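In what follows, a single structure is set out as structure tokens and then discussed.
Here the structure is a predicted model, which means the values were calculated and not measured. By convention in this document, chain letters (A, B, ...) are assigned in the order of the sequence lines, proteins followed by strands, and residues within each chain are numbered from 1.
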Protein chains: 2
Amino acid sequence: MNADKIPDIIIGRLPVYLRALQRMAENGMKTTSSQELGELVGISAAQIRKDISQFGEFGKQGTGYSISFLIDKLREILNVNRMWDIVIVGAGDMGHALARYQGFSNRGFRVAMVFDIDNAKVGQKIGGFIIEDASTMTERIRSAKIKMAMMTVPASAAQAVADKLVQAGVRAILNYAPTSINVPHNVRVQYIDPSTHLQRMTYYLD
Amino acid sequence: MNADKIPDIIIGRLPVYLRALQRMAENGMKTTSSQELGELVGISAAQIRKDISQFGEFGKQGTGYSISFLIDKLREILNVNRMWDIVIVGAGDMGHALARYQGFSNRGFRVAMVFDIDNAKVGQKIGGFIIEDASTMTERIRSAKIKMAMMTVPASAAQAVADKLVQAGVRAILNYAPTSINVPHNVRVQYIDPSTHLQRMTYYLD
DNA sequence: TAGATTGTTAATCGATTAACAATC
DNA sequence: TAGATTGTTAATCGATTAACAATC
């Protein structure tokens, strides 16, 4: 294990490798090569080898990588060889979809609570969760020691909600609100905004 | 307008600038500076000036940028000074949420059709759209000349659906399926996978 | 063994930052 | 005018690629 600081751009590719490897494992494959994995994920074989080698010598010359071994290592590196509880803030359509999403459990995540400010929604059930009042949020998150959140609130509410989450001890926010937010340096943010993603592609269309 | 090829990493930041500028405009602001915009989006002022200057001289020394003028220019550059029709493939929870999402229209997008393979879903309504049979998809997309799609299908179906979309003439795919897909070079893909985004953050958590 | 593929090095390529003249 | 801020240059910093010895 290399003690140097690993660039975030490399960290960002590891989940993509892991996802592809888990798929390969499901399909019964036992080993793969940087070449094969690269074709699957659209990244050069050299880069995949370089990325992986930052963390150790996980491959074998001549035969490549053991898929299950590499999965274990990547899960360890990414800290997803455990379950992370996540809260959802905002019980609109997108919050609903995430609350019911089946794709978290085998990737290291579990939705733990869902919050909304709308009294008409509080108390209702979505995907097995009872929607809780956002006014109790800080305390609930803090006492459950939850570190991750998904924000599916309007842009106008995003900064205030983010501030409350940070206060509650959240250290990673997946932000579905279509706006940038400011958080302290020790808090990570990832952005999911379909319009922004789409606009990145229209540039190339006629 | 610079005729050189603009790096994709710059193109990727423009929608973020545009989103912030539209927010400023809604709040009644008339001008801004690279400094102010940078603090809002978390990018250095120098980089913002450099990015914008790739396309022309849109600012004024001493006063900064006219927000409405810069919005116009960015919309023009990104090709979103028009409406793009989009199809949704997969009418599960995520497809539902996207079909009902109100955040597309003022960013240049309009959902035009929703498809699913499930006969139990075909004919039902979501968000004002009637779910259509996926077997008619290629022909429907082709004759409507639609160039963009959002895929909210299981990972196992993603590659086959992508192939059909490409055949139908789609040139940009926003892929919500948790898997990488392979498409020809003239087709753009953007990925939205909450687990992948979350795993990029857990690396930094204890 | 022969063939395949890793891990790593050095070279190349590309992106970001700092600084400042120009100018509103 | 004085102050502010752009657009741009040069320097720095960082990422990717190509190549190959090592070795399974």
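- Straight-line distance from the CZ atom of F58(B) to the P atom of dG7(D): 9 Å, rounded to whole Å.
- At a threshold of 4.0 Å, the pair D206(B)-K147(A) does not count as salt-bridged, since none of the basic side-chain nitrogens sits closer than that to a carboxylate oxygen.
- The distance between atom NZ of K5(A) and atom C1' of dG14(D), rounded to the nearest whole Å, is 12 Å.
- If you take CD1 of I6(A) and P of dG14(D), they are 14 Å apart, rounded to a whole angstrom.
- Following rounding to the nearest Å, D51(A) (CG) and dG14(D) (P) show an atom-to-atom distance of 17 Å.
- Rounded to an integer number of Å, the gap from I52(A) CD1 to dT5(C) P is 14 Å.
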Which dot-bracket string describes DNA chain C (Watson-Crick N1-N3 plus N6-O4 or O6-N4, or G-U N1-O2 and O6-N3, all under 3.5 Å; [ ] crossing; | other strand)?
..||||||||||||||||||||||
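- Within residues 20-35 of chain A, the residues that have a heavy atom under 4.0 Å from DNA chain C are, in order of number, S33(A), S34(A).
- In this structure, the CD1 atom of I48(A) is 17 Å from the P atom of dT8(C), given to the nearest Å.
- In the displayed structure, I117(B) atom CD1 is contacted under 6.0 Å by at most 12 heavy atoms of other residues, nucleotides or ligands.
- Note: CG (L37(A)) to P (dG7(C)) measures 13 Å, nearest angstrom.
- Side-chain atoms of A46(A) lie closest to dA18(D) of the nucleotides dG7(D), dA18(D), dT16(D).
- Side-chain proximity of E57(B) to the nucleotides dT17(D), dT6(D), dT8(D) is greatest for dT8(D).
- Atom CE in M24(B) sits 5.5 Å away from atom CD1 in I67(B) (nearest 0.5 Å).
- Within the 4.0 Å cut-off from OP1 or OP2 of dA4(C), not a single side-chain nitrogen or oxygen of Y65(A) is found.
- Scanning both residues, R200(B) and I11(A), for their nearest heavy atoms gives O-CG2, 3.9 Å.
- Counting any heavy atom pair closer than 4.0 Å across all strands shown, I9(A) reaches sugar-phosphate atoms only and no base atom.
- Among residues at least two apart or in separate chains, salt bridge (Lys or Arg N to Asp or Glu O under 4.0 Å) pairs with a member in residues 81-95 of chain A are D85(A)-R110(A), D93(A)-R100(B).
- What separates CD1 of I10(A) from P of dA15(D) is a distance of 7 Å, to the nearest Å.
- Summarising the local packing, NZ of K60(A) is surrounded by 12 or fewer heavy atoms from other residues, nucleotides or ligands at distances under 6.0 Å.
- Each of dT8(C), dT16(D), dC20(C) was ranked by its minimum atom distance to the side chain of R49(B); first place goes to dC20(C).
- Phosphate contact (OP1/OP2 of dT17(C), side-chain N/O of S44(B), threshold under 4.0 Å): present.
- Side-chain N or O atoms of R140(B) include none that pairs as donor or acceptor with a backbone N or O of M113(B) at under 3.5 Å.
- Toward the 5′ end of DNA chain C lies the nearest nucleotide of Q61(A), the other residue of the pair Q61(A) and K50(A) mapping further downstream.
- Tested against M151(B) for a side chain to side chain contact (heavy atoms under 4.5 Å, CB included), the candidates L165(B), V170(B), V189(B), L174(B) yield a single pass: L165(B).
- Looking at D163(B) and Q167(B), their side chains never bring a donor and an acceptor atom within 3.5 Å of each other.
- Side-chain contact between Y191(B) and T196(B) is absent, with no heavy-atom pair separated by less than 4.5 Å.
- OP1 or OP2 of dT16(D) has at least one side-chain nitrogen or oxygen of R13(A) nearer than 4.0 Å.
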